[in-house]
Amino acid sequence: MINWTRRGLVGAALAAMTAMPLAAQERISAVVIDGYPARALWVKEFTEFFIPEVNKRLTESGNYAMDWQENYGGSIVKPKGVLEGVQLGLGDIGIVTTIFHSSKLPSQGLSSVTPFVSTDARAVAKAVDEIAREHPAMQNEFAAQNQVYLATGVVLDSYQVFSTKEVATIADLEGLKVAGAGMNLRYLEGIKDAAGVRGGLTDFYNMLQTGLVDAGMLWPEAAKTFKIAEVAPYMLRANLGAVNSKTITVNADYWKGLPDEVKEVLQAVAVDYRDHVAGIAMDRATASEEAYVAGGGTIIDVSDADRSAWAAAMPNIAQEWAENLNSKGEPGTAMLEDYLAKLGDAGFTGARDWSKP
């Protein structure tokens with residue numbers, strides 16, 4: 001007869017527990033793509049903020065760990081190819097530059113069609129992201145591209161005009177060829193004989209250097225990063241406004257296979273990344289202008305009257321945008337009004353009320 005003592009029972013239990021294998025940590029591969037180089041603000045912060053933050057939160061439970069494979073600078077896709085790349089599964093997670101895809105992602109143009117309202121990247125990022133969560137249109141557009149929307153990114157405080165010769169007034173833009181991307185090319189429609197030339201951020205330096213264009217619309221941090229002062233030594237501070245131009249998305253098939261815990265972490269960190277990047281954009285705005293001047297650039301402020309006149313001369317592209325969505329059964333007018341109301345609540349009133357036809 002075996003005599004089980006209390007101590008013996010406890011010892012046996014501990015031995016059994018020790019012998020039991022611990023639950024294995026599941027490792028999940030994630031291929032991240034963007035066509036822009038690693039030095040671009042949003043790419044750099046994806047590497048230095050998004051990925052470490054996801055890793056940190058997953059270690060709290062210890063159930064999962066990510067094996068990140070980062071591919072930037074055209075190694076898998078060019079800047080305009082991220083949307084299709086994620087759609088096809090060339091990347092699991094991508095930073096989509098939405099301004100290149102106005103036909104497939106029309107609702108993403110919300111802040112682009114409302115210029116001269118806010119130069120605060122944080123306010124615009126928050127407002128657009130809230131619209132995406134309150135109205136289904138934005139998420140539906142990405143779903144049609146086999147992608148899951150995570151969050152909006154605003155990486156610039158405001159578009160300005162950088163030129164090869166001095167531009168001090170809106171009249172000085174008449175007859176010039178101006179580089180832009182997406183909807184901001186339409187800002188030129190109210191300026192006599194000004195011609196918009198489509199290009200990507202990585203193209204602007206060469207476009208200006210070779211004389212293909214006389215000016216370009218970009219923001220100070222990008223001007224500093226891409227050394228625009230060397231080829232366009234004049235900046236007209238027109239404060240055209242902050243716009244959302246980046247969206248973090250996930251391939252829908254990949255998303256379906258992720259554990260809920262990982263999905264929740266990715267969604268939460270995407271929102272934090274949204275605010276983090278927008279905050280950096282604002283923090284760097286003044287320093288970037290100073291660097292532009294130090295690099296040989298000159299900054300000229302447009303007058304309030306000229307700024308208002310520019311806004312008034314434009315066609316009401318916001319109403320066109322809303323009507324286009326309305327015709328597709330989406331609440332374009334409501335989205336526009338809600339967005340402007342959010343910015344108004346944050347303290348921003350535009351040079352023009354785009355909600356009025």
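One is the number of the first residue; the rest follow in order along the sequence. Values reported hereafter were calculated over all heavy atoms of this structure, with side chains retained and with hydrogens, waters and symmetry mates removed.
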Original post:
Under the 3.5 angstrom rule, does the side chain of W354 hit a backbone N or O of L336 as a donor-acceptor pair?
Top reply: no
Original post:
Any chance the side chains of T225 and E221 put a donor and an acceptor closer than 3.5 Å?
Top reply: yes
Original post:
Quick check: does any side chain N or O of D306 sit under 3.5 Å from a backbone N or O of T169, one acting as donor and the other as acceptor?
Top reply: no
Original post:
Are E141 and K328 within salt-bridge range, i.e. N to O under 4.0 Å?
Top reply: no
Subject >> Side-chain donor or acceptor of Q160 paired with backbone N/O of L218 under 3.5 Å >> reply: no
Subject >> N316 (side chain) donor-acceptor with K356 (main chain) under 3.5 angstrom >> reply: yes
Original post:
For the side chain of S245 and the backbone of I99, is there at least one donor-acceptor N/O pair under 3.5 Å apart?
Top reply: no
**OP:** Locate the shortest heavy-atom distance separating T152 from R274; write the atom from each residue and the value.
**Re:** O-CG, 3.0 Å
**OP:** Determine, using ring centers only, whether Y292 and F162 are less than 6.0 Å apart.
**Re:** yes
Subject >> Close side-chain approach of I248 to F50, heavy-atom, < 4.5 Å >> reply: yes
Original post:
CZ of F116 to CZ of R307: how many Å apart, nearest 0.5 Å?
Top reply: 6.5 Å
Original post:
Should V243 and M183 be regarded as members of a common hydrophobic cluster, given that ILVMFWY residues are connected when their side-chain heavy atoms come within less than 4.5 Å of each other, either directly or indirectly?
Top reply: yes
Original post:
Going through the distances and angles, do K246 and T98 end up as a side chain to side chain donor-acceptor pair (under 3.5 Å)?
Top reply: CA-CA 6 Å; K246 311 294 174 185; T98 54; over 6 Å; no
Subject >> Exercise: identify the closest heavy-atom pair between I93 and V250 >> reply: CG1-CG2, 4.2 Å
**OP:** Classify the angle between the aromatic ring planes of Y36 and W42 as parallel (below 30°), tilted (30 to 60°) or perpendicular (above 60°).
**Re:** perpendicular
Original post:
Given the rule in the side chain to side chain donor-acceptor pair (under 3.5 Å) test, do S29 and Q69 qualify, once you have shown the distances and angles that lead to the verdict?
Top reply: CA-CA 8 Å; S29 173; Q69 300 173 41; 3.0 Å; yes
Original post:
Are V31 and W255 co-members of a hydrophobic cluster defined by side-chain heavy atoms under 4.5 Å apart?
Top reply: no
Original post:
Within the side chain of D214, is there an N or O that forms a donor-acceptor pair under 3.5 Å with the backbone of K177?
Top reply: yes
Original post:
Can you check whether N63's main-chain N or O pairs, donor with acceptor, with E261's side chain at less than 3.5 Å?
Top reply: no
Original post:
Any side-chain heavy atom of D338 within less than 4.5 Å of one from I131?
Top reply: yes
Original post:
Can you tell me if Y234 uses its side chain to pair, donor with acceptor, with the backbone of A168 under 3.5 Å?
Top reply: no
Subject >> Residue from D92, I28, I51 passing side-chain contact (heavy atoms from CB on, under 4.5 Å) with W68 >> reply: I51
**OP:** State, without any angle test, whether Y149 and D129 hold a side-chain donor-acceptor pair at a distance under 3.5 Å.
**Re:** yes
**OP:** Examine distances only and state if a side-chain atom of N239 and a backbone atom of S158 form a donor-acceptor pair shorter than 3.5 Å.
**Re:** no
Subject >> Residue pair V43 / E70, side-chain heavy-atom distance below 4.5 Å >> reply: no
Original post:
So, Q147 side chain and Q145 main chain: donor-acceptor pair closer than 3.5 Å or not?
Top reply: yes
**OP:** Assess whether side chain to side chain donor-acceptor pair (under 3.5 Å) is satisfied between Q108 and T247, documenting all intermediate values.
**Re:** CA-CA 9 Å; Q108 282 287 313; T247 298; 3.1 Å; yes
Subject >> Residues Y273 and E53: side-chain donor-acceptor under 3.5 angstrom >> reply: no
